[in-house]
Amino acid sequence: MRSPLLLLHIIAGTLGMISGFVAVSLLKGSRRHGLAGTVFVVSMLCLAASGVYLAIMKSQPGNVLGGTLTFYLVVTAWLTARRREGQL
């Protein structure tokens, strides 16, 4: 299956790995760490969403579940990281 969506999936995965490594290597709380983390989150959401769609097209229910779970975990982790002191 060679499609633009597959290319997006591959690029998002590569960018996610690179930005994740950069975010881990930078000082927590720094502006660059936050930027790398945001790039990581966006790339992971694109990766998960495109993976779910591709899995639906190929009738792979296990991968649909895995991609959906990944999307959920990334969103909830991002929401937790964005929460400031004293917010509910």
Side-chain angles (χ1 to χ4, degrees):
M1 172 183 268
R2 293 184 182 179
S3 70
L5 192 59
L6 180 60
L7 182 61
L8 170 71
H9 183 73
I10 293 168
I11 290 170
T14 303
L15 186 59
M17 290 187 341
I18 293 169
S19 62
F21 175 75
V22 169
V24 167
S25 67
L26 294 172
L27 184 62
K28 185 176 177 182
S30 71
R31 186 172 177 88
R32 293 187 321 176
H33 173 82
L35 179 61
T38 300
V39 171
F40 174 77
V41 167
V42 170
S43 63
M44 287 299 294
L45 291 176
C46 290
L47 175 73
S50 62
V52 168
Y53 183 80
L54 290 169
I56 290 170
M57 293 296 105
K58 293 182 88 175
S59 299
Q60 298 175 337
N63 288 335
V64 171
L65 180 63
T68 303
L69 179 63
T70 300
F71 193 91
Y72 167 77
L73 292 173
V74 171
V75 168
T76 56
W78 181 76
L79 290 172
T80 301
R82 302 305 302 171
R83 184 179 302 164
R84 300 291 177 218
E85 290 270 337
Q87 288 182 338
L88 292 176

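Just so it is clear, the values below take in all heavy atoms, side chains as well, and ignore hydrogens, waters and symmetry mates.
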Kindly compute the distance separating [atom1] ([X]) from [atom2] ([Y]), expressed to the nearest 0.5 Å.
X	Y	atom1	atom2	result
L8	L47	CG	CG	8.5 Å
T68	I56	OG1	CD1	7.0 Å
L69	N63	CG	CG	12.0 Å

Same cluster (ILVMFWY, side-chain, under 4.5 Å), [X] and [Y]:
X	Y	answer
V75	W78	yes
M57	L6	yes
F71	V52	no
M44	L79	yes

Problem - Heavy-atom check, side chain of Y53 versus side chain of L5, under 4.5 Å - result: yes
Shortest non-hydrogen separation from [X] to [Y] and the atoms involved:
X	Y	answer
A48	G67	CB-O, 3.6 Å
F40	S19	CA-OG, 3.2 Å
G16	S43	CA-OG, 3.1 Å
H33	L26	N-CD1, 3.7 Å
H9	S50	ND1-OG, 2.9 Å

